Amino acid sequence: MASSGENIFSAREAVSGAIAAALDKLGIGADAGSIMLERPNDPSHGDLSCNIALVTAKKIGTNPRKLAARLVEGLELDEDFIDRVEIAGPGFINFSFSDRYLTGQIAAINELGDSYGSSNLGGGRKVQVEFVSANPTGPLVIVSARAAAIGAALVNILKKAGYEVETEYYLNDAGSQVRKLGASTMTRFRQRIGEDVPFPEDGYSGEYLVDLAAEIPEGEGRAWLEKGGDEAVKAFGDYTLDRTITWIKGDLEGFGVEFDAFFRESALYVEGGEIEDVLALYRDRGSVYEEEGAVWFRSTDYGDEKDRVLVRSDGTPTYFLADAAYHLNKFRRGFDRVIDIFGPDHHGHIARLKAASAVFGAPDDWLTVLTVQWVRLMEDGRQIKMSKRGGEFETLADLVTDVGADASKFFFLMRKINAHLDFNLTLARKESEENPVYYVQYAHARICSVISYARGEGVESPKDSSCVELLTEPEEMELIRNLVIFPQLIEGAAESYEPHRLSTYGQQLAGSFHRFYHICRIVSGDTRLSEARLLLAIATKIVLSETLRLLGISAPERM
RNA sequence: GCGCCCGUAGCUCAGCUGGAUAGAGCAGCGGACUUCUAAUCCGCAGGUCACAGGUUCGAAUCCUGUCGGGCGUACCA
């Protein structure tokens with residue numbers, strides 16, 4: 001019987017193959033891609049639905065139902081897989097999996113274990129996912145938490161789908177924002193030692209800099225001040241960066257999100273670094289020109305709406321130049337594909353970044369930019385303003401303390417990334433027990449509990465899995481159907497970069513398990529039936545814990 | 001002004017790349033534990049998919065326009 005990953009798909013492939021053959025018999029040349037098999041919403045419409053008759057009928061001058069009838073007549077299907085074929089509605093051809101096929105998948109899943117759902121869709125291609133990348137000017141805030149949850153889940157999914165993935169955090173440790181940060185800390189330090197100095201108008205006014213300045217050994221701080229001017233600002237800036245980067249790493253660790261690499265913007269500015277290279281390369285390609293003393297990039301040649309400045313008239317490089325250089329660096333590292341996850345305030349960069357990449361020869365689909373939309377934090381019905389400069393914000397660390405990493409991750413991953421999100425803190429705190437994440441985790445804990453109970457009662461997984469034929473209840477079949485769609489779900493989530501599909505699925509799967517558990521007693525006097533249900537529970541545990549793992553959420557054994 | 005994203009139940013959101021009668025959770029109402037975890041299950045109620053056209057066998061989904069919200073539109077980062 002089914003024992004490898006391929007066999008999980010074989011029913012589906014068998015059906016599309018049979019349809020293609022039947023079309024061929026009728027002399028209708030249909031390209032393979034036009035045969036679509038969908039999973040109907042309504043279970044009475046079977047497990048797979050084909051609309052090919054609807055699509056092609058007009059082309060060959062007949063009506064869809066007639067064409068469907070002729071197609072079905074010519075279908076040769078393996079009855080081990082499909083036991084019912086029906087023409088329905090305007091001309092859909094609906095296929096139902098046989099119970100034998102479905103129950104057979106339980107053994108296949110148990111044999112594959114954690115690798116169930118893995119595929120070779122990616123073919124080992126190298127993908128880099130860059131995310132969070134918030135400026136190191138303070139603790140991470142909520143929108144970064146959302147990006148972290150999404151990025152980490154996407155990475156897990158891509159790996160599962162056969163991509164080789166590296167994660168990276170881009171640290172903007174150069175440029176004027178860092179100067180401001182240094183100046184802000186310096187001012188806080190001077191205020192601390194009793195100097196009456198005004199705080200810079202565009203400085204970072206958050207309390208955390210006061211605290212940070214308080215921790216600077218006084219002698220050291222005074223020594224930095226004596227350097228004077230830019231040197232002093234730089235000394236305070238370096239100190240502050242060191243601390244904020246440590247915070248950021250700690251926050252991410254507390255959230256359970258790891259990065260393979262932290263790439264420092266300052267590394268681009270070294271002698272022989274990509275800043276120089278990208279300018280030279282663009283000059284070679286004739287993509288730059290000088291105007292009013294500044295160096296411009298002709299990004300309009302590549303579809304951007306206006307040209308962009310690379311080097312200001314005062315000779316300093318722009319943020320965009322650094323970004324272009326950074327992407328040249330990524331390109332040279334040999335990634336087949338690069339995914340940047342941006343915050344909502346950076347979506348204007350997409351066109352110019354694509355332009356920048358095109359010049360150094362990156363294919364159109366090399367760079368994908370995903371935009372994570374804002375999170376509005378609501379508390380007691382009012383929106384909390386979030387601004388590092390304004391100083392009032394909810395940090396990622398606060399969120400972890402308030403509602404926990406698992407719950408907040410699940411919350412973020414329930415939504416499409418490009419939709420705005422209202423995070424109701426009051427509700428999340430007060431009703432964290434109502435959070436859907438517990439529903440999914442509880443199903444897992446329940447399974448663990450019942451498995452150990454079964455063992456205590458002497459029910460073990462049988463060597464021979466033929467007992468699964470005893471599974472016939474609707475709740476059993478519904479649960480198996482949900483297990484069977486898992487591999488396809490992974491591929492869909494990987495192709496569309498939509499990790500939220502897994503959280504929806506997790507709820508659906510947990511729901512079908514809870515219903516099964518409620519209706520079907522697992523450990524009963526009927527040993528063979530108990531064994532069969534135990535096998536089903538184990539298969540569910542595998543898929544559920546894998547789903548949670550991909551989402552970056554723990555799968556507790558007891559709750 | 002121009003560009004991108006969004007508008008689905010009272011609230012927060014799904015809707016599998018154009019399919020059949022648009023689904024969950026929360027909130028509301030009513031039921032189910034002397035038996036494997038009640039953080040569970042079952043039922044009821046809740047909708048002009050912002051609005052108007054268009055494309056076609058078929059539209060919440062694609063196109064155009066309007067309205068509403070967010071973001072961007074720097075020789076800031």
Side-chain angles (χ1 to χ4, degrees), chain A residues 36 38-42 44-45 49 51 53-55 57-58 63-64 88-92 94 135 137 172 174-178 180 202 265 291-296 305-306 308-314 316-320 322-323 343-351 371 373-374 376 378 411 414-424 427 431 433-439 441-443 445-454 456-457 459 485 488-489 492-493 495-496 498 500-501 503-505 507-508 510-511 513-515 517-519 521-524 530 533-534 537 558-559:
Chain A
M36 294 198 21
E38 294 175 326
R39 188 156 41 87
N41 291 321
D42 184 339
S44 74
H45 294 146
S49 178
N51 65 358
L54 291 160
V55 176
K58 194 172 189 184
N63 85 55
F92 292 104
N94 295 334
N135 287 338
T137 52
N172 297 106
S176 64
Q177 205 142 250
V178 174
K180 276 180 203 161
D202 56 353
E265 180 188 357
E291 197 175 284
E292 294 170 18
V295 180
W296 293 74
E305 55 187 11
K306 55 188 290 191
R308 308 289 170 179
V309 172
L310 293 168
V311 183
R312 300 187 189 92
S313 47
D314 67 3
T316 60
T318 60
Y319 175 84
F320 171 59
D323 242 5
D345 48 343
H346 284 64
H347 74 248
H349 294 222
I350 298 172
T371 311
Q373 285 296 334
W374 284 123
R376 290 198 311 164
M378 310 297 285
F411 202 90
M414 279 168 63
R415 274 75 176 165
K416 290 185 286 221
I417 65 173
N418 55 352
H420 299 256
L421 164 58
D422 283 353
F423 197 113
N424 189 330
L427 202 71
E431 305 193 25
E433 288 182 8
E434 306 289 338
N435 193 305
V437 71
Y438 295 103
Y439 183 78
Q441 290 182 318
Y442 183 63
R446 226 179 192 186
I447 294 171
C448 293
S449 164
V450 77
I451 288 172
S452 72
Y453 175 82
E457 297 293 305
V459 179
I485 61 177
Q488 247 222 306
L489 183 91
E495 281 176 323
S496 60
E498 290 182 345
H500 77 273
R501 289 192 195 185
S503 60
T504 308
Y505 173 74
Q507 293 177 85
Q508 184 185 320
F513 178 78
H514 286 311
R515 277 185 292 278
Y517 179 88
H518 193 257
I519 299 290
R521 193 174 166 85
I522 292 171
V523 181
S524 68
S530 298
R533 288 178 172 167
L534 180 64
R558 68 174 53 117
M559 289 173 72

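Worth saying up front: this structure is predicted, and the values here are computed from it rather than measured. Naming: A, B, ... by sequence-line order, numbering from 1 per chain.
- Ring centers of A/Y439 and A/H514: under 6.0 Å apart, within the cut-off.
- For B/rC44, the base adopts the anti conformation, since its glycosidic angle falls more than 90 degrees from zero.
- Whole-Å rounding puts the A/F513 CZ to B/rA39 C1' distance at 14 Å.
- Place A/E498 and A/V178 on RNA chain B by their nearest nucleotides, and A/E498 ends up nearer the 5' end.
- Between A/N418 and the phosphate of B/rC6, there is a side-chain N or O to OP1/OP2 separation shorter than 4.0 Å.
- Rounded to whole Å, the P atom of B/rA22 lies 14 Å from the corresponding atom of B/rU61.
- The P atoms of B/rG25 and B/rC57 are separated by 38 Å, rounded to the nearest whole Å.
- Counting only heavy atoms from C-beta outward, the side chains of A/V459 and A/V523 approach each other to under 4.5 Å.
- Counting to the nearest Å, the C1' atom of B/rA74 and the OH atom of A/Y319 are 14 Å from each other.
- The residue A/A174 sits close only to the backbone: its heavy atoms come under 4.0 Å of sugar-phosphate atoms, none of a base.
- As judged by a 4.0 angstrom heavy-atom cut-off over every strand, A/R308 is placed among residues making no nucleic acid contact.
- In this structure, B/rU48 is classed as anti because its glycosidic torsion departs from zero by more than 90°.
- The side chain of A/W296 lies closest to B/rC75, out of B/rG70, B/rC75, B/rG19.
- Contact annotation for A/D323: no contact, since no heavy-atom pair falls under 4.0 Å across all strands.
- If you check distances only, the side chain of A/H347 does reach the base of B/rG3 with a donor-acceptor pair under 3.5 Å.
- Partner assigned to B/rU34 is none, using Watson-Crick or G-U wobble distances below 3.5 angstrom.
- Among the heavy atoms of the strands lying under 4.0 Å from A/S49 is at least one base atom, whether or not backbone atoms are also near.
- Regarding A/R446, its CZ atom lies at a distance of 13 Å from the P atom of B/rU35, rounded to whole Å.
- Pairing each heavy atom of A/A294 with each of A/V309, the nearest pair is CB-CG1, 4.2 Å.
- For A/R415, the side-chain atoms get nearest to B/rC13 when compared with the rest of B/rC13, B/rC75, B/rA39.
- Applying the 3.5 Å distance criterion, the base of B/rC16 shares a donor-acceptor pair with the side chain of A/R39.
- Proximity of A/V450 to A/R446: side-chain heavy atoms (C-beta onward) are nowhere separated by under 4.5 Å.
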Passes side-chain contact (heavy atoms from CB on, under 4.5 Å), A/M414 versus A/Q507? Steps please.
-> CA-CA 10 Å; A/M414 279 168 63; A/Q507 293 177 85; 4.3 Å; yes

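- Using Watson-Crick or G-U wobble geometry with both donor-acceptor distances under 3.5 Å, B/rG28 finds its partner in B/rC44.
- One N or O donor and one acceptor, one from the side chain of A/N41 and one from the base of B/rC16, sit under 3.5 Å apart.
- Comparing the P positions of B/rC13 and B/rC6 gives an interatomic distance of 14 Å, to the nearest angstrom.
- Atom CZ of residue A/R533 and atom OG of residue A/S524 lie 6.5 Å apart, to the nearest 0.5 angstrom.
- Atom C1' of B/rG10 sits at a distance of 10 Å from the matching atom of B/rG28, rounded to the whole Å.
- For B/rG15, one of the phosphate oxygens OP1 or OP2 lies less than 4.0 angstrom from a side-chain nitrogen or oxygen of A/H500.
- Applying the 3.5 Å distance criterion, the base of B/rG72 shares no donor-acceptor pair with the side chain of A/D345.
- Comparing B/rG53 with B/rC67, their C1' atoms sit 15 Å apart, to the nearest whole Å.
- No cation-pi contact links A/R521 to A/Y517, judged by a cut-off of 6.0 Å to the six-membered ring centre and 45° from its axis.
- Across all strands shown, B/rU21 remains unpaired; no Watson-Crick or G-U wobble contact has both distances below 3.5 Å.
- Of the listed nucleotides (B/rG19, B/rU21, B/rG3), B/rG3 has the atom at the smallest distance from the side chain of A/E305.
- Rounding to whole angstrom units, CE of residue A/M559 and C1' of B/rA38 are separated by 13 Å.
- Base engagement by A/H45 is indicated by at least one non-hydrogen atom pair under 4.0 Å involving a base atom.
- B/rA59 is unpaired under the Watson-Crick or G-U wobble criterion, no partner having all donor-acceptor distances under 3.5 Å.
- Closest to the A/P436 side chain, of the nucleotides B/rC71, B/rC36, B/rG25, is B/rG25.
- Note: A/H349 and A/Y319 have perpendicular aromatic rings, judged against thresholds of 30 and 60 degrees for the angle between ring planes.
- The gap from the C1' atom of B/rG15 to that of B/rA59 amounts to 14 Å, rounded to the nearest Å.
- Nearest-nucleotide positions on RNA chain B place A/Q373 closer to the 5' end than the other of A/Q373 and A/F411.
- In this structure, A/H349 atom NE2 and B/rU73 atom C1' are separated by 10 Å, rounded to whole Å.
- When heavy atoms are screened at a 4.0 angstrom cut-off, A/E292 is found touching base atoms of the nucleic acid.
- With a cut-off of 3.5 Å on both pairing distances, the Watson-Crick or G-U wobble partner of B/rG1 is B/rU73.
- Checking B/rG3, B/rC36, B/rG7 against every side-chain atom of A/R521, the shortest atom distance belongs to B/rC36.
- Residue A/H514 contributes atom NE2, which lies 10 Å from atom C1' of B/rU37 at whole-angstrom precision.
- A close approach under 4.0 Å does occur between a side-chain nitrogen or oxygen of A/S449 and OP1 or OP2 of B/rU37.
- In the set B/rC13, B/rC16, B/rC42, B/rC13 carries the atom at the smallest distance from any side-chain atom of A/L421.
- Residue contacts for A/S524: at a heavy-atom cut-off of 4.0 Å it reaches no nucleic acid atom on any strand shown.
- Not one side-chain nitrogen or oxygen of A/Y438 sits closer than 4.0 Å to the OP1 or OP2 atom of B/rC26.
- For A/K416 and B/rG15, the shortest distance from a side-chain N or O to OP1 or OP2 is below 4.0 Å.
- The side chain of A/D422 approaches B/rC13 more closely than any other nucleotide in the set B/rG70, B/rC13, B/rG19.
- Rounding to whole angstrom units, CZ of residue A/R376 and P of B/rC6 are separated by 16 Å.
- With B/rU73, B/rC13, B/rU21 as the candidates, the nucleotide lying closest to the side chain of A/D42 is B/rU21.
- No side-chain heavy atom of A/Y453 sits under 4.5 Å from any side-chain heavy atom of A/I522.
- Using N1 to N3 plus N6-O4 or O6-N4 for Watson-Crick, or N1-O2 and O6-N3 for G-U wobble, each under 3.5 Å, B/rA52 pairs with B/rU64.
- At whole-Å resolution of the value, NE2 in A/H518 and P in B/rG31 are 16 Å apart.
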